[in-house]
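Here the structure comes first, spelled out in structure tokens, and everything after it is commentary.
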Amino acid sequence: MADIFLTFPDGSQRNFAQGITPAEVAAGISTSLAKKAISAQVNGEHWDLQWPIESDSSIAINTMKDEAPALELVRHDLAHIMARAVQELWPDVKVTIGPVIQHGWYYDFDRAEPFTPEDLGLIEKKMKDIINLRDEVKTEVWPREKAIAHYRETGEPYKVELIESIPGDEPIRMYWHGAWQDLCRGPHLQHTGQVPGDAFKLMSVAGAYWRGDSSRAMLQRIYGVAFRNKEDLRKHLNMLEEAAKRDHRKLGREMELFHMQEEAPGQVFWHPNGWKVYTTLQDYMRRMQERDGYVEVNTPQLVNRKLWEESGHWDKYQENMFIVEVDEDHAREKAINALKPMNCPCHVQVFNQGLKSYRDLPLRMAEFGSCARYEPSGALHGIMRVRGFTQDDGHIFCAEDQITPETAKFIAFLARIYADLGFHDWTIKLSTRPEQRIGSDETWDSMETALGEACNAAGYEFEILEGEGAFYGPKLEFTLTDAIGRNWQCGTLQVDANLPERLDASFIGADGAKHRPVMLHRACLGSFERFIGILIEEHAGKLPFWLAPRQVVVATIVSEADDYAREVVETLKAAGVRAEADLRNEKINYKVREHSVGKVPVILALGHREVEERTVTLRRLGEKQTRVLELDAVAAELAGEALPPDLR
RNA sequence: GCUGCUGUAGCUCAGAGGUAGAGCACUCCCUUGGUAAGGGAGAGGUCGAGAGUUCAAUUCUCUCCAGCAGCACCA
């Protein structure tokens, strides 16, 4: 048999018989490494210890110390161990797929009865038993026909379907965890005992469609999380608790920002506090847009179906539109209107009034447009995913050669706004032509190039999402990362030559002839509702001072301080600070607690001493120590903080 | 929309086939207290909506509505 050369991480090379496995290589180095080994990297590829190596390669043996492969294997083996546990408990259950996901894994099962929380406990216990058995993991490559026959025999129709969809040139690999067997591309651990038995937890069970297709069978998906050790699991569970504490639905209630009720599903009742956040943010956006050369418009909510037919929305999105029929006695026929699901067709109507010259371009038209979309009930989520919302929408009507500079300008605009709002970690994705599309390849080439050049011009890198663009044009998506590592796609910019065509927008060029403008659909926050939800969760309710609905509470310690408290409130209000007095007959402890829970950033406490000295004792949210300050000094300090970032 | 779970006082939740309970919040009284809950008393509910079974339903069954988790969706 021929020899092959293996190159080790330290650069050394040794020759081995062709077909040697990493397990044998590890055993040749030391017995302890052979025991500790979990997998290998062969030419950078994650490689099972049992897989033979057929040609000259680089090799590195992985142990539990190598985080990425270790987590991958632990989670992947747990998926198999869970499937085995389930089939041992309920032999009739059909297995399907069980991939590794962020923080853990899931496995989809077909079973007539639903899994209960008690079942999860049983499964978890059985999994621990299997881990303790330290059953060997084995693998073989099988001929396709044999594998299909095997699964027909054992009554696993989903596996048969999976094999049939594996491309013909790929091997069909079988794995065994003890006697239990599954189809799997691997790699896996050496034996089940390599999985840490105390670092995983089954989290939940939920429905999921077979192969993600809503027209196919609904399976039951069990989710688990897993780590390399108990401590990492504990940290993860703490993080989940932290996320639950930040839940904007809970904080929205506690801070009296908004509520929702079943008579208006997916729509927000903004309370005084929440509406203050909303209008403060909107005022800020309005000033920023004006500064960046936008004109602001406002267009109708309820628009006749004719316009939606012309724009193409009636055909494509009718199911998701709120349709309003007016059937008054005096009407000859029913008028059919729809609440606008977006603002662009209306903006084109504004554009179309009067002849436009090339000198009018680029025309940047903005609207805080209230839209309504009939979202599927299961999609609704607090104020993050709603049926009634307001976009910070804008459309830039421009000539083709203006796409790049206008896009670059928008990116700079958005960067400034995200920074002002405290988001410094965000990325750009460029979605390119999808399979189903209109327009020539040359047009797509130039539109995609224009967006890429704009990112470069603005000084930002971007990732390409192949085929993810809209049918009418490519788009940029701006995704920000929050304080606990979650991603939110907020901003967007889409190139559209289609809608100006459909709605017959035009301008007179320098050549005296009519031309079509291109529209850039763009938004920075997305919707106010969702963005405020993100802000609440980002800050765990502790909004930056300028956005906080109640910035200062002046809390009296003794009732003799009431008059002075009123004066302090008036002084602060005059300085532009949102302040209110708390004169209730309660102890200062009580007031501090209540307003801390309500996330008021500053509490000013007033007792006999402050009244006599005309001072205030200031306490910041989350800080234990207090400062005694002159009233005028406090007013000046807080007035500065109360200014929105663009006015500082 | 699909699967599963849930719906009892403003909030968080307990409860049982014979028309309901706690803590906090609320109102009043006492207390004027120095930085995350001072004490006492009181008031507050068509038990999500409708239908069915039953002598009797908030409790059991069905339908609907809404919410939660996930999936699908997100112009």
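All values derive from a computational prediction rather than experimental measurement. Labels below follow one simple rule: chain letters A, B, ... track the order of the sequence lines, proteins then strands, and each chain is numbered from 1.
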Handout entry: Full working for side chain to side chain contact (heavy atoms under 4.5 Å, CB included) between A:His608 and A:Glu560
Key = CA-CA 7 Å; A:His608 290 297; A:Glu560 281 84 357; 3.8 Å; yes
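- A:Gln391 comes within contact range of no nucleotide atom at all, as no heavy-atom separation falls under 4.0 Å.
- Side-chain proximity of A:Ile588 to B:A36, B:G34, B:A66: nearest is B:G34.
- Between A:Trp275 and A:Trp270, the ring planes are tilted. Angles from 30° to 60° get that label.
- Residues from residues 591-603 of chain A that place a heavy atom under 4.0 Å from any atom of RNA chain B, listed by number: A:Val592, A:Arg593, A:Ser596, A:Val597.
- Straight-line distance from the CZ atom of A:Arg216 to the P atom of B:G1: 23 Å, rounded to whole Å.
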Shorter than 3.5 Å, N or O on both sides, protein versus nucleotides 4-14 of chain B: list them out with atom names.
residue, atom, partner, partner atom, Å
B:U12, OP1, A:Arg253, NH2, 3.0

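- Rounded to an integer number of Å, the gap from A:Trp210 CH2 to B:C2 C1' is 17 Å.
- Ring orientation note: the planes of A:His313 and A:Trp308 are nearly perpendicular, at an angle over 60° on the 30°/60° scale.
- At least one donor-acceptor pair closer than 3.5 Å links the side chain of A:Gln220 to the backbone N or O of A:Glu113.
- Remark: P of B:U32 and NZ of A:Lys587 are 9 Å apart, rounded to the nearest angstrom.
- Remark: the separation of the P atoms in B:C60 and B:U8 is 15 Å, to the nearest Å.
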Handout entry: Residues A:Thr479, A:Thr427; criterion side-chain hydrogen bond (donor to acceptor under 3.5 Å, both in side chains); working and verdict
Key = CA-CA 5 Å; A:Thr479 302; A:Thr427 58; 4.6 Å; no
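- The separation between A:Glu256 atom CD and B:A25 atom P is 14 Å, rounded to whole Å.
- Along RNA chain B, the nucleotide closest to A:Glu375 and the one closest to A:Glu623 are compared, and the more 5′ of them pairs with A:Glu623.
- Within the 4.5 Å cutoff, the side chain of A:Leu480 has heavy atoms near those of the A:Tyr418 side chain.
- Using a 4.0 Å heavy-atom criterion, one finds that A:Pro265 contacts the sugar-phosphate atoms exclusively.
- Shown for residues 104-112 of chain A: no residue has heavy atoms falling under 4.0 angstrom of RNA chain B.
- In this structure, the NE2 atom of A:His381 is 10 Å from the C1' atom of B:C68, given to the nearest Å.
- Nucleic acid contact class of A:Gly212 (heavy atoms, under 4.0 Å, all strands): sugar-phosphate only.
- Within 3.5 Å, no donor on the side chain of A:Tyr374 pairs with an acceptor on the base of B:G1, nor the reverse.
- Residue-to-nucleotide contacts include a donor-acceptor pair under 3.5 Å from the side chain of A:Ser559 to the base of B:U32.
- At the heavy-atom level, A:Arg249 lies under 4.0 Å from the strands shown only through sugar-phosphate atoms.
- Between A:Phe227 and A:His103, the ring planes are tilted. Angles from 30° to 60° get that label.
- If you take atom C1' in B:G42 and the same atom in B:A25, they sit 14 Å apart, rounded to whole Å.
- Ranked by how close their nearest RNA chain B nucleotide is to the 5' end, A:Ala470 and A:Ala206 are led by A:Ala206.
- Residue A:Gln494 is classed as a sugar-phosphate contact, given heavy-atom separations below 4.0 Å to backbone atoms only.
- Checked by distance alone, A:Arg385 brings a side-chain donor or acceptor within 3.5 Å of a matching partner on the base of B:C73.
- Aromatic ring orientation, A:Phe351 versus A:Phe397: parallel (interplanar angle below 30°, classes split at 30° and 60°).
- Between A:Thr390 and A:Tyr278, the side chains place a donor N or O and an acceptor N or O closer than 3.5 Å (distance only, hydrogens not considered).
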Please list, one pair per line, the donor and acceptor atoms closer than 3.5 Å that link side chains of residues 316-324 of chain A to other protein atoms, with sequence neighbours excluded.
residue, atom, partner, partner atom, Å
A:Gln318, NE2, A:Trp314, O, 3.3

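- The CD1-P distance, from A:Ile383 to B:C68, rounds to 12 Å in whole Å.
- Across the protein-nucleic acid pair, A:Glu586 atom CD and B:A25 atom C1' stand 11 Å apart, rounded to whole Å.
- The aromatic rings of A:Phe115 and A:Trp90 stand perpendicular to each other, their planes meeting at an angle above 60°, with 30° marking the opposite boundary.
- Atom pair A:Ile97:CD1 and B:C71:C1' shows a separation of 12 Å (rounding to whole Å applied).
- One can find a donor-acceptor pair under 3.5 Å joining the base of B:A36 and the side-chain atoms of A:Arg619.
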Problem - For RNA chain B, the dot-bracket pattern of Watson-Crick and G-U pairs whose distances stay under 3.5 Å, | for other-strand partners - result: (((((((..((((....[..)))).(((((.......))))).....(((((..]....))))))))))))....
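- Proximity note for A:Glu610 (side chain, C-beta onward) versus B:G67, B:G34, B:A69: the nearest is B:G34.
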Handout entry: Worked verdict on A:Tyr107 versus A:Thr96 for side-chain hydrogen bond (donor to acceptor under 3.5 Å, both in side chains)
Key = CA-CA 7 Å; A:Tyr107 206 111; A:Thr96 67; 5.9 Å; no
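- A heavy atom closer than 4.0 Å to some atom of RNA chain B occurs in A:His313, A:Tyr317, A:Asn320, these being the qualifying members of residues 304-321 of chain A.
- Note on ring orientation: taking the six-membered ring where Trp is involved, the planes of A:His259 and A:Phe269 are parallel (angle under 30°, cut-offs 30° and 60°).
- Contact between the side-chain N/O atoms of A:Ser377 and the OP1/OP2 oxygens of B:G1 is found at a separation under 4.0 Å.
- Residue contacts for A:Tyr590: at a heavy-atom cut-off of 4.0 Å it reaches the sugar-phosphate backbone alone, with no base atom in range.
- Within 4.0 Å of A:Thr617, counting heavy atoms only, lies at least one base atom of the nucleic acid.
- A gap of 16 Å separates the C1' atoms of B:G67 and B:C11, to the nearest Å.
- Not one side-chain nitrogen or oxygen of A:His608 sits closer than 4.0 Å to the OP1 or OP2 atom of B:U32.
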Exercise for the section: Apply the test side chain to side chain contact (heavy atoms under 4.5 Å, CB included) to residues A:Trp488 and A:Phe478: give CA-CA distance (whole Å), side-chain angles for both, the deciding distance (0.1 Å), then the verdict. Expected result: CA-CA 8 Å; A:Trp488 305 95; A:Phe478 303 87; over 6 Å; no
Problem - Working for side-chain hydrogen bond (donor to acceptor under 3.5 Å, both in side chains), residues A:Glu537 and A:His248 - result: CA-CA 6 Å; A:Glu537 301 206 355; A:His248 73 281; 2.9 Å; yes
Exercise for the section: Using the salt bridge (charged side-chain N to carboxylate O under 4.0 Å, His left out) rule, take A:Glu613 and A:Arg609 through it: C-alpha gap first, then chi angles, then the decisive distance, then the call. Expected result: CA-CA 6 Å; A:Glu613 296 170 358; A:Arg609 202 164 65 219; 5.0 Å; no
Practice task
Go through the steps to decide whether A:Glu477 and A:Lys475 satisfy the test salt bridge (charged side-chain N to carboxylate O under 4.0 Å, His left out), and finish with yes or no.
Solution key: CA-CA 6 Å; A:Glu477 286 181 350; A:Lys475 63 181 174 186; 3.4 Å; yes
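- Taking 4.0 angstrom as the limit, A:Arg211 places none of its side-chain polar atoms (N or O) nearer than this to OP1 or OP2 of B:A72.
- Here, B:G50 and B:A43 have their C1' atoms 31 Å apart, quoted to the whole Å.
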